[in-house]
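All values reported here derive from a predicted model rather than from experimental measurement.
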Amino acid sequence: MADGNEVRPWAELIPDALGLIFCNLPLKEILTVVPRVCKSWGMAVLGPYCWQEIDIHKWSKRCDPELLDQMLRMLIERSCGSFRRLSVYGLQTESMFTFIADHAGSLERLELPNSEISDSIAQLVAPRLSSLTYLDLSYCTRIGPRAIEAFGKHCRSLVVLRRRMYPLEEFARDDNCQEEEEAFAIAKMMTKLRHLEIPYQLATTRGVLEILSKCRDLEYLDLRGCWNVKLDEKYFMERHSGVKVLMPELVEGYHSLSSKFLWRPMSDDDEELSGGFFTATFTPEICLSP
């Protein structure tokens with residue numbers, strides 16, 4: 001440098017700094033390209049520095065289940081139990097749920113959409129996930145109130161719960177008893193929630209009012225597609241004006257509603273939620289008081 005300042009080579013950066021930089025790269029490049037650059041970069045990738053956040057959501061959507069288990073084991077072992085976030089889609093084997101729990105001492109954010117986790121597995125692993133503050137169990141069809149109660153009992157710092165379902169599955173279901181029980185389990189065991197998403201659940205007005213009354217820190221509640229929920233606007237504004245609520249959306253071809261609605265473009269998140277149907281937000285009629 002002309003001004004005489006010393007330039008430090010990238011290879012001499014401390015491993016945790018390299019890890020923060022490498023986390024911005026695609027998973028394939030971290031595993032195949034970075035280790036070949038130099039010895040220090042290879043050591044950084046082999047250590048826990050790159051794996052504080054393990055996000056393989058997109059990759060796992062296209063992956064064979066057996067290969068997924070192998071990859072996940074490798075990344076968790078590389079993190080040396082220090083990973084704070086894990087995002088994986090379609091996890092299927094009980095052994096992997098228990099493996100995650102066995103190494104989850106620092107885990108704060110767990111995302112398991114479309115996974116084959118069951119009530120019995122949830123009750124087994126929940127005691128070892130006490131550090132969780134964020135939990136995503138969207139599209140997990142094998143769990144119910146028992147799993148919700150288990151996570152609520154042992155994950156006392158939980159502030160975010162995502163429990164989305166697909167719209168077409170909602171139309172196919174005709175028994176809302178279990179999902180009403182889920183709402184009451186949330187109200188009873190997850191009172192510190194600030195953010196709750198239950199789109200296309202078969203929730204009822206009674207269950208949602210119970211959540212609102214018990215989860216006093218709630219700031220955001222997603223009820224899109226919860227057709228059985230009717231909230232009285234005056235009551236809601238008087239008692240829960242600090243909560244942002246997303247009410248049911250119209251899915252074209254399945255519901256005919258007289259309420260006024262406004263078409264809007266779908267976001268990527270909406271496309272995943274609605275399975276590709278166009279959606280419309282609307283203001284529901286005031287139908288029921290508590």
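A donor-acceptor pair under 3.5 Å links the side-chain atoms of K230 to the main chain of W227, judged by distance alone. Put simply, the side chain of D55 gets close to the backbone of H57: a donor and an acceptor are under 3.5 Å apart.
The residues R163 and E182 are annotated as salt-bridged, a charged nitrogen and a carboxylate oxygen being separated by less than 4.0 angstrom. Between R206 and E210 there is no salt bridge, since no side-chain N of the basic residue sits under 4.0 Å from a carboxylate O of the acidic one. Checked for salt-bridge contact, R224 and D222 meet the test: a charged N lies under 4.0 Å from a carboxylate O.
Once rounded to the nearest 0.5 Å, the distance linking NZ of K214 with CE of M189 reads 11.5 Å. To the nearest 0.5 Å, the span separating CZ on R84 from OG on S79 amounts to 10.5 Å. The OG1 atom of T205 sits 10.5 Å away from the CG atom of D232 when rounded to the nearest 0.5 Å. For the atom pair CZ of R239 and CG of L231, the computed distance is 13.0 Å after rounding to the nearest 0.5 Å. Note that SG of C155 is 12.0 Å distant from NZ of K192, once rounded to the nearest 0.5 Å. From S213, atom OG reaches atom CG of L209 across 7.5 Å, with rounding to the nearest 0.5 Å.
Under the 4.5 Å side-chain heavy-atom criterion for ILVMFWY residues, a single connected hydrophobic cluster contains both F236 and I198. Hydrophobic cluster membership is shared by L110 and I56, with clusters built from Ile, Leu, Val, Met, Phe, Trp and Tyr side chains linked at under 4.5 angstrom. In this structure, L107 is not a member of the same hydrophobic cluster as Y134, with clusters built from ILVMFWY side-chain heavy atoms closer than 4.5 Å. Connection of Y220 to M190 is not established within any shared hydrophobic cluster, with ILVMFWY side chains joined at heavy-atom distances below 4.5 Å, either directly or through further cluster members. A continuous path of Ile, Leu, Val, Met, Phe, Trp and Tyr side chains, each step under 4.5 Å between heavy atoms, connects V243 with L193, placing both in one hydrophobic cluster.
The side-chain tip of K61 points at the ring of Y89 from less than 6.0 angstrom away and within 45° of straight on.
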Please report, to 0.1 Å, the donor-acceptor pairs under 3.5 Å made by any side chain of residues 94-101, with sequence neighbours excluded.
unit_1, atom_1, unit_2, atom_2, d
T98, OG1, E94, O, 3.3
T98, OG1, S95, O, 2.8

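Screening E197, E111, H195 against R162 for a side-chain hydrogen bond (donor to acceptor under 3.5 Å, both in side chains) leaves a single residue, E197.
When every heavy atom of C140 is checked against every heavy atom of L112, the shortest pair comes out as SG-O, 3.2 Å. Taking both residues in full, the closest heavy atoms of A122 and A147 are given as CB-CB, 3.6 Å, listed atom of the first, atom of the second, then distance. Considering all non-hydrogen atoms of both residues, G81 and S106 come closest at O-OG, 3.6 Å. S131 and G105 make their closest contact through OG-O, 3.5 Å (heavy atoms, listed as atom of the first residue, atom of the second, distance). Smallest separation of non-hydrogen atoms from R109 and L132: N-CD2, 4.1 Å. For the pair L212 and R216, the tightest heavy-atom approach, listed with the atom from each and the gap, is O-CD, 4.3 Å.
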message = Could you walk me through whether D119 and R142 satisfy the salt bridge (charged side-chain N to carboxylate O under 4.0 Å, His left out) test, starting with their C-alpha distance in whole Å, then the side-chain angles of each, then the deciding distance to 0.1 Å, before giving a yes or no?
response = CA-CA 7 Å; D119 284 336; R142 296 185 61 200; over 6 Å; no

ask   = Can you list the steps and then say if R128 with D102 is a side chain to side chain contact (heavy atoms under 4.5 Å, CB included)?
value = CA-CA 7 Å; R128 286 170 279 173; D102 288 341; 2.2 Å; yes

message = Determine whether L223 and L221 satisfy the following criterion, side chain to side chain contact (heavy atoms under 4.5 Å, CB included), listing intermediate values before the conclusion.
response = CA-CA 6 Å; L223 298 172; L221 177 59; 3.8 Å; yes

request  = Test I211 against L196 for side chain to side chain contact (heavy atoms under 4.5 Å, CB included), laying out the working first.
outcome  = CA-CA 10 Å; I211 290 173; L196 174 61; 3.9 Å; yes

Worked verdict on W59 versus L68 for side chain to side chain contact (heavy atoms under 4.5 Å, CB included) = CA-CA 9 Å; W59 179 83; L68 173 59; 3.9 Å; yes

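Neither side chain, N228 nor T204, offers a donor N or O lying under 3.5 Å from an acceptor on the other. For the residue pair Q52 / S82, a side-chain donor-acceptor distance below 3.5 Å is found, with atom types taken as modelled.
Aromatic ring orientation, Y139 versus Y166: parallel (interplanar angle below 30°, classes split at 30° and 60°).
Residues W51 and I76 have side chains not in contact (no heavy-atom distance under 4.5 Å, counting atoms from C-beta outward). With a 4.5 Å cut-off on side-chain heavy atoms, L91 and D69 count as touching. Contact annotation: the side chain of V160 never approaches that of L158 to less than 4.5 Å [non-hydrogen atoms, C-beta and beyond]. Between D136 and R164 the shortest side-chain heavy-atom distance does not fall below 4.5 Å. R78 places none of its side-chain heavy atoms less than 4.5 Å from the side chain of F83.
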